Every structure is written in C-alpha cells, then in structure tokens.
Amino acid sequence: MTLLVVTAVQPEADAVRAGLDDRLTVTAVGVGPAAAAAGTARLLALAEAGGRPYTGVVFLGIGGGFAGRVEIGGIAIATRSIAADLGAESPDGFLPIDELGFGTARVDADAGLVATLRAALPDAALGTVLTVSTVTGTAASTTKLTARFPDAVAEGMEGYGVGCAAAGLPFAEVRTISNVVGPRDRAAWRIPAALAALTKAAGALGLA
Ligand SMILES: O=C(O)c1cccc(C(=O)CC[C@H]2O[C@@H](n3cnc4c(=O)[nH]cnc43)[C@H](O)[C@@H]2O)c1
C-alpha cells in the first residue's frame, strides 16, 4: 500500500517523521476539517496526476481523550471518524446530517489498516474518534457528546475532513492523547507527551 500520511501541524509531522521509515512521506495539511480536507485532497490529486497515486490515507495527530477510555500519552485508533457538529440545531436537540438526508457525518476506517495498527499498537484504545470545529471545553458539552457517542474514545479537528478527501481510499485516523476532553484547562495539556507517542504510533505504519 502506498500510504499518504498527514498531520494537522508541522510539530506533529516532525514527530511522525521521526518514527517513519523512508518509504513514507508525511505532510502537515492544517488545523480543522476544511483545511485538512483541502490539503489532503490536493496531495492525492497531485500524486494521481503525476502517475504515482496513493492507495491509502492515514491521519496521525494529537487529540483529546474521553475520560475512562484513553489516558494522556495514550493512543486511540479510530474505527470511524464522525463530524460531531455536522447537522442542524433544533429545539429538540442536535439533528445530525445523517438524519437530515443530506449525506453522512461518518467515515469508516479501513478494516485492514485498523487491524495492522492494532497489531502494532496493542494497548491503543479502539472506537469512534469525533471531529469537531470547536475544541470541547465544558462539562455540559462533554456530557452531550458522550451521550450521543458512547463508544467515542477521542476528539480531534481533522479526521472526518481527511476521510472525506480519501474519497473511498483506505483511511485510518490515529490520535495520541494530549488532554482530557472536558472543561478547558490549558495547563493540563501534555503536548510533548502526545508528540512522543506520535513517534511511537508512526512506527506502526511501516507495517502497513
Ligand atoms: O485551548 C487552548 O488554549 C489550546 C491550547 C493548545 C492547543 C489547542 C488546540 O485547540 C489544539 C487543536 C489541535 O490539536 C488537536 N486537538 C488536541 N486536543 C484536542 C481536543 O481535545 N479536541 C479537539 N482537537 C484537539 C486538534 O486536532 C487540532 O489539530 C488549544
């Protein structure tokens, strides 16, 4: 498989590069679903136009972990990436786009990629990884998300966008945990620990 490996920002790409073998390239495509989708789609299109198409896409980056599911410094492997805030607000609560009939907020991870990643990262948490445009920062929002997505293990801002750009190519999202999803506490973020775990997680891709 010729994998395109993408991250959100350059420090993540640098951490991933430290764990990758030379066969794979890694590119920072930007923060948030729109930038990540656009950047990933451009890289895929350029490779295809150049006659050297990628055959799979993996996003690696730091993320927030849901309490009790994955610890800070731990690793989460997405079984699916879901845009948690893609839909409509209503007096009766949030209506996901899937219920509105305008498409889906969900991208399933490739089973083969997930199996490879799980084998290489046996301690990783497995489950839904949520994509948001606004980092969750209150207990109330956290409660709403965990009620809607009881199998959510982590939260990020790019996975769904990258999965959309993959457009049916095998896709996977891996998050290393920098913080607990909940009331904003910037001082509690452990970005260096999450970046170190990214380097470890990247080594798994050499098996893909
Ligand atoms: O709130 C802050 O002061 C703050 C400080 C440092 C970083 C941020 C971010 O918003 C980083 C967003 C960036 O990192 C990913 N990420 C990491 N943790 C989370 C999270 O709990 N929820 C969503 N995204 C997270 C994200 O994918 C971005 O690339 C804020």
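Model, not experiment: these values are computed from the prediction.
Side-chain contact of T128 with R80: a donor-acceptor pair under 3.5 Å is present, judged by distance alone. Checking T131 against E158 by side-chain atom types alone, no donor-acceptor pair falls below 3.5 Å.
V26 is connected to I62 through a chain of hydrophobic side-chain contacts under 4.5 Å among Ile, Leu, Val, Met, Phe, Trp and Tyr, so both are in one cluster. Follow the hydrophobic side-chain contacts under 4.5 Å out from L195 and you reach I75 in the same cluster. A chain of hydrophobic side-chain contacts below 4.5 Å, direct or via other Ile, Leu, Val, Met, Phe, Trp or Tyr residues, connects V174 to V5. Put simply, L46 and L44 are part of two different groups of oily side chains (I, L, V, M, F, W, Y) that touch within less than 4.5 Å, one to the next. Cluster membership for L43 and L169, using ILVMFWY side-chain heavy atoms within less than 4.5 angstrom, is shared.
The environment of CD in E71 is sparse: at most 12 heavy-atom neighbours from other residues, nucleotides or ligands sit within 6.0 Å. By the 6.0 Å contact criterion, CG on D21 is enclosed, its count of non-hydrogen atoms from other residues, nucleotides or ligands being greater than 12.
Without hydrogens or angle criteria, R52 side chain to A49 main chain gives no donor-acceptor distance under 3.5 Å. The main-chain N or O of R106 is found under 3.5 Å from a side-chain atom of T104 such that the two form a donor-acceptor pair. Between the D98 side chain and the A105 main chain, a donor and an acceptor come within less than 3.5 Å of each other. In this structure, the side chain of T176 engages the main chain of A194 through a donor-acceptor pair within 3.5 Å. No donor-acceptor distance shorter than 3.5 angstrom exists from the side chain of E173 to the backbone of I77, with no hydrogens or angles considered. Side-chain N or O atoms of D110 include none that pairs as donor or acceptor with a backbone N or O of A172 at under 3.5 Å.
Closest approach of A37 and G161 over heavy atoms only: CB-O, 3.3 Å. In this structure, V135 and W189 approach most closely via the heavy-atom pair CG1-CZ2, 4.3 Å. Minimum interatomic distance between T146 and F66 (heavy atoms only, all atoms of both residues): CG2-CD2, 3.5 Å. The two atoms that bring N179 and G63 nearest to each other are OD1-O, 3.7 Å, heavy atoms only. Scanning all heavy atoms of the two residues, the minimum distance from E12 to A8 falls at OE1-N, 3.0 Å. For L205 against L60, the heavy-atom pair with the smallest separation is CD1-CD1, 3.3 Å.
Note: L3 CG to T55 OG1 = 6.5 Å, rounded to the nearest 0.5 Å. Note that the CD1 atom of I82 and the CD atom of E155 stand 12.5 Å from one another [nearest 0.5 Å]. If you take OG on S90 and CG on L95, they are separated by 4.0 Å, rounding to the nearest 0.5 Å. One distance of note links CZ of F102 with CD1 of I97; it measures 7.5 Å at 0.5 Å rounding. Taken to the nearest 0.5 Å, the OG atom of S141 stands 13.5 Å off from the CZ atom of R184.
Contact of the V107 side chain with the Y160 side chain is registered, since non-hydrogen atoms from C-beta on lie closer than 4.5 Å. Residues V162 and F171 form a side-chain contact, since some pair of their non-hydrogen atoms from C-beta on lies under 4.5 Å apart. Residues T40 and T27 fail the side-chain proximity criterion, which asks for heavy atoms closer than 4.5 Å. Taking 4.5 Å as the limit, some side-chain heavy atom of V9 sits within range of a side-chain heavy atom of V31. Between T25 and L20 there is no side-chain heavy-atom pair separated by less than 4.5 Å. V58 places a side-chain heavy atom less than 4.5 Å from the side chain of L113.
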### Query
For L126 and V114, what are the C-alpha separation, side-chain angles and deciding distance, and is it a side chain to side chain contact (heavy atoms under 4.5 Å, CB included)?
CA-CA 9 Å; L126 198 69; V114 169; 3.8 Å; yes
